[in-house]
Novice: 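Okay, here's the structure, questions in a sec.
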Protein chains: 2
Amino acid sequence: MRIPSSVSMIEVGPRDGLQNEKQMLPTDAKIALVRRLAAAGFREIEVTSFTHPKWIPNLADAEEVVRAVRDLDFKAFALVPNRRGLDRAVGAGIKGVTFVFSATDGHNKRNLNRTTEDSISEILVLEDETRRMGLDTRISLSVVFGCPFEGDVPEERILSIVGRLADAGSTRIGLCDTIGVADPAQVHRLCARLIGRFPSVSFELHLHDTRGRALANMLAGLDAGITAFDAAVGGLGGCPYAPGATGNVATEDAVSMLTAMGVRTGIDEGALLHAASLLADWRDRPLDSATWRTGMACKAA
Amino acid sequence: MRIPSSVSMIEVGPRDGLQNEKQMLPTDAKIALVRRLAAAGFREIEVTSFTHPKWIPNLADAEEVVRAVRDLDFKAFALVPNRRGLDRAVGAGIKGVTFVFSATDGHNKRNLNRTTEDSISEILVLEDETRRMGLDTRISLSVVFGCPFEGDVPEERILSIVGRLADAGSTRIGLCDTIGVADPAQVHRLCARLIGRFPSVSFELHLHDTRGRALANMLAGLDAGITAFDAAVGGLGGCPYAPGATGNVATEDAVSMLTAMGVRTGIDEGALLHAASLLADWRDRPLDSATWRTGMACKAA
């Protein structure tokens, strides 16, 4: 079992978490949340999404959030689905851009109203422009491990898409288990193939805990050589296709496990729980976080 | 990453699950639960505990449960803490006995009112007698990965205890993360050492999900060579030292993950959820089971 000495954690709660919550977190609280997360040690935080407010009203305050946190000591990323979003993000002073599209036409058409092929063409142009502005970029590839509309996603399709991106110069690609259906054997196999075939790319895992497998899938990723993970404080979010299902892997559960394993994350666990407490006070249901539920009560005396 | 072609699942919900629930499941419902579990394909089910009813009133009907299910097509195990318990279990017609003691004096004294050393001596005698009666036996070693009273448990101590048991002829030893504090690196390291040093022993992992790591720990165990796991339907149980914490790893989550990985368990997932439904109808709070929560809503179309 391969266990790296350190990994990078990318906090995506303010974006992927909040966009899937039914309640709206007030703008001031979002800014306070990002400040607490920055204080906990994250070097990169996805703070919002520049999607049209009609589709994600929870993040209609994207500009305001970015402006309020852009001078803090971390790199603020925002998710950007298209040119209009990129223009808005750049205007607000974003430092990093996460482009997103789906590995299946079925999911991409419902989310971005175009085929995967059309998204690849558009995003490669946008990513190139963004890099030339001196901003950091990454590409998040959705439904890599399973699609709610198309079911299984052939590995060859992922290899083909990643090959297109790598050939065009993309160096950070996120493999997203958008609906939380991956299993550790699948994660290990696909990650090992991708890492072996595309040495110029740094792959990142984005895991949801719908079936309770997120930490097991993270372990499989580690063993395959992945050293960067998205996570959302408080296990924020949810699966839009499964009411009541849990959301992203909880950052505090991931950091707790990794720290126990001797893997450095650079995150202060107490400060991270301070950020989670802001969400616990706000949310109308308990946080989806084993660490938060259990607290320190079971910690060995 | 080592992934075996098949594993043995030992269902312990009727024992380790129900003994830690605040509500009492009526005897008829316990018997119905065990019948449904047997129908789902388990070859071994820990159906109850022959502990003094003063300590575990939830399982005061141990004899009645064993008598009602002993002719079904599976091997009924019961947990036995001492000679009195063994006599009761044998009298009721049990087929398999799980002996239990703790790796630390602190935990053993609170649970069994004696030192670990005294328990080893007593249990080795009882196990030998039980085997000579023609019954199956296994030994569950509690707090292997961490103790609520003594904190970290030195690996050398576990190796020493297991050595004593192996020398005396014990061939099935359960490594129990009683309070759910193990991490995958620890599980992998200790399991690999034990398997390497004691080839005559079949080791079984008993994992709690207090910190959400049970499935990751299971994966680490698989990679180290473990092929037998305890689990409790519905994620029954809890951590007596952490109110609100989840209990045993949910059998349905484990079976779902293993099946997805291509590991045969012999368990029918639909029949297992039929067993879980009995508990969901009874319990005053939701089952601690991602599979149950999510249902099939996220299943790929």
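Owing to the predicted nature of the structure, the values given are computational and were not obtained by experimental measurement. A, B, ... follow the sequence lines: proteins, then strands. Residue 1 opens every chain.
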Novice: Counting only heavy atoms closer than 4.5 Å, note whether B:L215 contacts chain A via side chain, backbone, both or neither.
Specialist: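 For B:L215, backbone and side chain are both near chain A.
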Novice: Give me the atom names and distance for the closest heavy-atom approach of B:G212 to A:A290.
Specialist: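 Distance-wise, the nearest heavy atoms are N-CB, 3.5 Å.
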Novice: To the nearest 0.5 Å, what is the distance between CG (B:L219) and CE (A:M218)?
Specialist: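 The distance works out to 13.0 Å.
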Novice: Distance check, rounded to the nearest 0.5 Å: B:M261 atom CE versus A:Q186 atom CD?
Specialist: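 If we round to the nearest 0.5 Å, B:M261:CE and A:Q186:CD are 10.5 Å apart.
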Novice: What closest approach, in Å, do B:D183 and A:M257 show between heavy atoms, and which atom pair accounts for it?
Specialist: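 Smallest interatomic distance, heavy atoms only, reads CB-O, 4.5 Å.
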Novice: Counting only heavy atoms not in A:D268, do more than 12 sit closer than 6.0 Å to its CG atom?
Specialist: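 Yes.
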Novice: Quick check for you: to the nearest 0.5 Å, what is the distance between B:R189 atom CZ and A:M1 atom CE?
Specialist: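 It is 12.0 Å, given to the nearest 0.5 Å.
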Novice: We want to know whether A:R213 and B:S256 form a side-chain donor-acceptor pair, criterion being a heavy-atom distance below 3.5 angstrom.
Specialist: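 B:S256 and A:R213 do have a side-chain donor-acceptor pair below 3.5 Å.
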Novice: Measure the CZ-CG distance between A:R211 and B:D253 for me, rounded to the nearest 0.5 Å.
Specialist: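 Atom-to-atom, A:R211:CZ and B:D253:CG are 9.5 Å apart.
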Novice: Tell me the closest heavy-atom pair linking B:T294 and A:T210, and the distance in Å.
Specialist: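 Of all heavy-atom pairs spanning B:T294 and A:T210, the closest is OG1-O, 2.8 Å.
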Novice: Heavy-atom distances under 4.5 Å only: say whether A:A220 touches chain B with side chain, backbone, both or neither.
Specialist: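 Both parts, backbone and side chain.
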